[in-house]
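Below is one structure, written out as C-alpha cells, with a few remarks after it.
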Amino acid sequence: MSVDFASPRKVLELEHKKGYADSAVIGGLDKFLNKWAVQAMEAITEPQSLNHFHRLHLANSNYASFSKEQRQKWVNGVLGFLAEAEHLADKRTKAKHLPIAHRPPSRTKARETATGPSLNSPITTIKGISQNLATKFGKLGVSTVRDLLYFFPNRHLDYSQRKSISELSEGKEETIIANVWQAREVRLGGRRSTEAIVGDETGNVRVVWFNNPYLVRQLATNKRVVLSGRVVMFNGRPVFESPEWELAEDRELVHTGRLVPLYPLTQGLKPRQVRKLMKGVVDQWAYKMEDCLPPELRERCNLLELPEAIFQAHFPEDEEVKDRARVRLAFDELFLLQLGVLSRKRQWQEGQPGSPFTAKTPVLKAFLKSLPFELTAAQQKVRKEILADLGKPIPMSRLLQGEVGSGKTVVATAALLMAAANGYQGAFMAPTEILAEQHFTNICHLLSRAGQEEVTEDYLRSYSGLLPRPVTVALLFGDIKEARKQKLQQLILEGEIDIAIGTHALIQKGVDFARLGLAVVDEQHRFGVTQRSSLRQKGFSPHVLVMTATPIPRTLALTLYGDLDLSVIDELPPGRQVIKTKWLKPQQRESAYAFIHRQVAAGRQAFIICPLVEESEAIQARAATSEYERLSREVFSELKLGLLHGRMSAVKKDDVMRRFRSGELNILVSTPVVEVGIDVSNATAMLIESADRFGLSQLHQFRGRVGRGKEQSYCMLLSENPSEISRARLDIIEKVQDGFELAEEDLRLRGPGEFFGTRQSGLPDLRMAKLSDVALLELARSEAIRLFEKDKTLEKPEHALLAKELARVWTTEAGEWS
Ligand code: ADP
Ligand code: MG
C-alpha cells in the first residue's frame with residue numbers, strides 16, 4: 001500500500017500561502033490531518049518515518065490552538081517529515097523492484113560518500129565483494145551488510161583439538177600443525193591432484209587433495225601448515241584426504257585448528273572463499289552493531305552483548321561460548337516476536353473500546369439446562385473464561401483449542417447467545433461452505449431444544465422463548481440465490497439477524513452488520529491482525545473467539561498466536577469411543593482392502609488418504625487421481641468412490657463431500673491437503689497411505705474424521721519402508737489417543753517447521769531460536785510483558801534502539817503473519 005503524501009503537502013503549502021489562518025481546508029487542518037494520519041499510519045512502513053510520524057502526533061494534532069509562530073514552525077516541521085518520508089518510501093519501492101545487479105550505481109555511490117557504508121549498505125560496499133558475488137549472495141537472501149552479519153553458519157566443525165602425527169587415528173576428523181617436506185602434482189583416479197608429505201616432531205604423514213593440482217604452488221617446502229580433516233588408512237598407513245588447510249602464519253586461523261564455520265552455500269560460492277570473507281566482515285562490522293537490549297535486561301537474563309554474540313556465532317572460541325551466542329541471538333528473535341505480538345494485542349484491545357456484555361444468567365441457565373448432556377469440567381472452565389472476557393469493555397481475543405468432538409461448538413453457541421441477549425449480533429465463520437452448513441445445522445439443533453422453532457427456512461430459522469424476542473439464525477454463503485442473499489444481507493444490516501453463519505466472506509466483503517458484537521472463527525489458522533483490523537475499519541471491535549481443533553503445544557501457540565489469550569478444552573465428553581488404530585505391514589494391504597469391503601457391506605463408509613507426495617498440489621492431485629482410478633477399477637469396482645483434491649473447484653469439492661455425507665458414495669479417496677473437517681457419522685474406517693510421511697498431529701487429525709457416530713471406528717496406517725524414527729512414531733500413534741501429547745511428541749521429534757507443514761506455519765524466519773526452546777521463549781515473553789509494563793509505547797530513550805529494531809523486524813520480515 002502506498003501513502004498519499006501529496007495531498008497533505010499541497011494542503012500545508014496552501015496553508016503557508018494563506019498566512020497560517022487555518023483556512024486551507026474546510027473543517028480545519030486538524031480534522032484533515034487526523035483523518036489522513038489514521039490511514040497513513042497503517043501504510044508507513046519505514047521505521048525511520050514511522051518514528052518521526054509518531055513524534056509529530058498528527059493523529060491528534062492541536063493546530064487550531066497554536067499561535068501564528070507556532071503554526072508556522074509546526075507546518076514547516078510536518079512538511080519536512082512529508083518530504084523525508086516520501087523520499088524514503090520512494091527509495092524503498094525502487095530498491096524492492098530493482099535486482100541488486102541493476103541498481104543504478106550513481107545513486108549508491110552518492111549515498112556512500114555522504115555517510116559512508118552502513119549496516120544497511122549493499123554488500124558490494126565491502127571490499128572484495130563484486131557484483132557477481134553479490135548476486136550469488138542474493139540467492140541466499142543476503143543483500144546488506146547487516147544480512148551478512150546475520151548469515152550464520154549451519155554448523156561448525158570442531159578442529160580445535162590439535163594432535164601430533166603419532167596420535168592420529170583412523171576415521172576421525174583431526175587437526176595437526178606440521179612442516180611441508182615435499183609437495184607435488186600427481187594423478188589420482190585419472191585426475192590431476194596434489195600430494196604432500198608433512199611432518200612434526202613425532203613423525204610424517206601423507207596428505208592428498210583430489211582433483212586440485214593448484215595447491216602445489218602454495219605448499220612450498222618448509223612452510224608450516226595447519227591441516228584439519230579426516231584421516232583414512234591406506235596400505236596400513238594414515239593419510240589425510242582432502243583436508244582443510246592453511247598456512248600457520250601470524251594471522252588468526254580461519255579454516256583449521258578451531259571451531260570452523262560451515263556456511264550455507266549456493267552455486268558458485270566456495271566454502272573457503274565464504275569463510276574468509278565472513279571473517280573479514282565479522283571482524284570489521286560485528287562491533288559496530290548497536291545492542292538494542294537494555295543493559296539491565298541483558299544482565300538480568302545473563303545474555304552476551306550483541307557484537308560479542310554475533311562474533312562468537314560465526315567464529316566461536318569454544319563450544320560453550322558458541323552456545324551462549326546462540327542463546328543471545330535466539331532470545332532476540334523470540335523477544336522481538338513477543339514484543340510484536342503483544343503490542344498488536346494492545347493495539348487491538350486499546351484501539352477502540354469493545355462492547356461489554358452483561359451476564360444474562362437466566363438465559364444462559366435455560367440454554368445449558370436444555371442440553372441433553374452436562375458440560376464437562378473443561379467446557380465449564382472455558383465457558384467461564386470466555387464469559388469473563390465478554391463482560392469487559394476491551395474486546396476479547398481468545399484462542400480456544402480443543403480436539404474434534406470436545407464440544408467447542410456448544411461453548412461458542414452459549415457465547416453467541418450472550419451477544420444476542422445483549423442486543424448484539426454474532427458472526428460464526430467456517431473455512432468452507434460445507435462446514436458452515438454443518439455449524440448452522442448443529443447450532444440450530446442446540447437452540448431448538450431450548451426454544452420454539454418459528455421460522456424454518458433452509459437458510460433462516462428463528463427460536464422463541466429464549467429471549468423476550470425470537471433469536472434469529474441465518475446461513476449465508478456465495479452459492480445461494482442472489483435474491484435470497486440480498487434479503488439476508490438486508491436483514492443483517494437491519495439487525496434482524498442475531499447469529500449469521502457463513503464462510504469468511506461474511507466479514508470480508510459486502511456484508512454489513514448493524515451491531516456486530518462477537519465473531520467466532522472456526523478452524524482458522526490465519527485469522528490474524530489483518531482480518532481484525534478490517535473489522536475495525538468497518539467500525540466494529542467485536543470480541544473475537546478463534547477456535548482450532550489442532551492441538552498446538554504451548555510454545556508454538558505463544559509464538560503463532562501470542563496476541564491471543566489461550567483457552568483449552570483438554571477433556572472429551574464421557575463415553576467417547578477410542579478409534580482403534582493399527583499400523584499394518586505392507587503385505588497386509590489386501591487385508592486392509594478386505595476390511596473396508598466388509599465395513600461397506602455392513603452399511604458403513606470409508607476414507608482413503610493418499611500419500612503426501614510433494615509440496616506441489618498439482619502433483620498430489622495427479623497422484624490421488626490415479627490412485628482413485630486404480631482403486632475404482634481393480635479393488636472396489638462394485639462400489640461407488642469419490643475423489644477429493646486441492647485442485648478441484650470449491651463447488652466440486654462441496655458436491656463430492658455432500659454426496660459422501662449423504663451416503664451416496666461408499667469410499668472417499670482424498671489427498672491430505674484437502675480440508676476434511678467434516679462430520680460423517682457413518683464413516684467408520686480410514687486407511688492412510690505412507691503414514692510415516694505425516695506428523696503425529698496430522699495423523700491424529702485424519703483419524704478424528706472417523707468415530708463421530710456410535711459405531712466402533714478404525715484407522716489403518718500403511719507404510720512401505722519406515723525408518724527407525726518412523727517406526728517409533730507409528731508405535732506412538734497406535735497407542736496414544738491424546739492430541740496434545742501427540743503434538744508435544746511431534747514437536748520433539750520433527751521440530752516446528754514440519755508441525756503444520758512449512759507452508760502453513762506462517763512463522764517468521766527464526767534462525768537461531770528453536771521452538772523447543774521452551775524456557776527461553778517463556779523468558780522472552782515475560783521480559784516483553786515486563787518491558788511493556790514499564791514503557792507501554794517504548795518511548796523512553798533507553799528503549800529507542802529497541803523500538804527501531806521492532807519496527808524493522810515487524811515491517812520487513814514478519815509483517816504478514818499472526
Ligand atoms: P467440536 O466443535 O469441538 O468438534 P462439538 O461442539 O461439535 O465439538 O461437539 C461434538 C458432539 O459432542 C456434538 O454432538 C455435541 O452435541 C456433543 N457434546 C458436546 N459437549 C458434550 C458433553 N459435555 N457431553 C456429551 N456430549 C457433548
Ligand atoms: Mg467442530
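In listed order, ligands and their atoms are each counted from 1.
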Practice task
Can you sort out the partners of E457 under salt bridge (Lys or Arg N to Asp or Glu O under 4.0 Å), two or more places apart, ordered by chain and number?
Solution key: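 Checked E457 against salt bridge (Lys or Arg N to Asp or Glu O under 4.0 Å); matches are R484, K487.
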
Going by the order shown, which atoms of ligand 1 are within less than 4.0 Å of some heavy atom of [X]?
{"X": "E374", "answer": "22 (C), 23 (N), 24 (N)"}
{"X": "T376", "answer": "23 (N)"}
{"X": "E403", "answer": "3 (O)"}
{"X": "L375", "answer": "23 (N)"}
{"X": "V404", "answer": "4 (O)"}
{"X": "S406", "answer": "3 (O), 8 (O)"}

Exercise for the section: State whether the number of non-hydrogen atoms from other residues, nucleotides or ligands found under 6.0 Å of E374 atom CD is greater than 12. Expected result: no

Exercise for the section: Measure centre to centre between the rings of F702 and F694, then say whether the value is under 6.0 Å. Expected result: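 F702 vs F694: aromatic centres under 6.0 Å.
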
Practice task
Could you tell me the separation between the CG atom of L742 and the CD atom of E745, rounded to the nearest 0.5 Å?
Solution key: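 Output value for this atom pair is 7.5 Å.
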
Contact check: [X] vs ligand 1, nitrogen or oxygen atoms, below 3.5 angstrom:
{"X": "N442", "answer": "no"}
{"X": "P573", "answer": "no"}
{"X": "G405", "answer": "yes"}

Handout entry: Side-chain ion pair, D389 and K392, N-O less than 4.0 Å
Key = yes

Exercise for the section: Kindly write out the residues that satisfy ring-ring contact (aromatic ring centres under 6.0 Å, His included) with F740, not counting sequence neighbours, or none if the list is empty. Expected result: none

Exercise for the section: Record the part of V410 in heavy-atom contact with ligand 1 below 4.0 Å; permitted values are side chain, backbone, both and neither. Expected result: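 Both parts.
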
Problem - Nearest option to atom 11 (C) of ligand 1, as decided by whichever heavy atom of H439, R576, R708, E571 sits closest - result: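 Nearest heavy atom to atom 11 (C) of ligand 1 lies in R576.
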
Handout entry: H597 and F636 aromatic ring geometry - parallel, tilted or perpendicular at 30°/60° bounds
Key =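 F636 and H597: tilted rings.
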
Problem - Evaluation steps, salt bridge (charged side-chain N to carboxylate O under 4.0 Å, His left out), between E437 and R661 - result: CA-CA 12 Å; E437 206 176 296; R661 195 169 57 176; 3.3 Å; yes

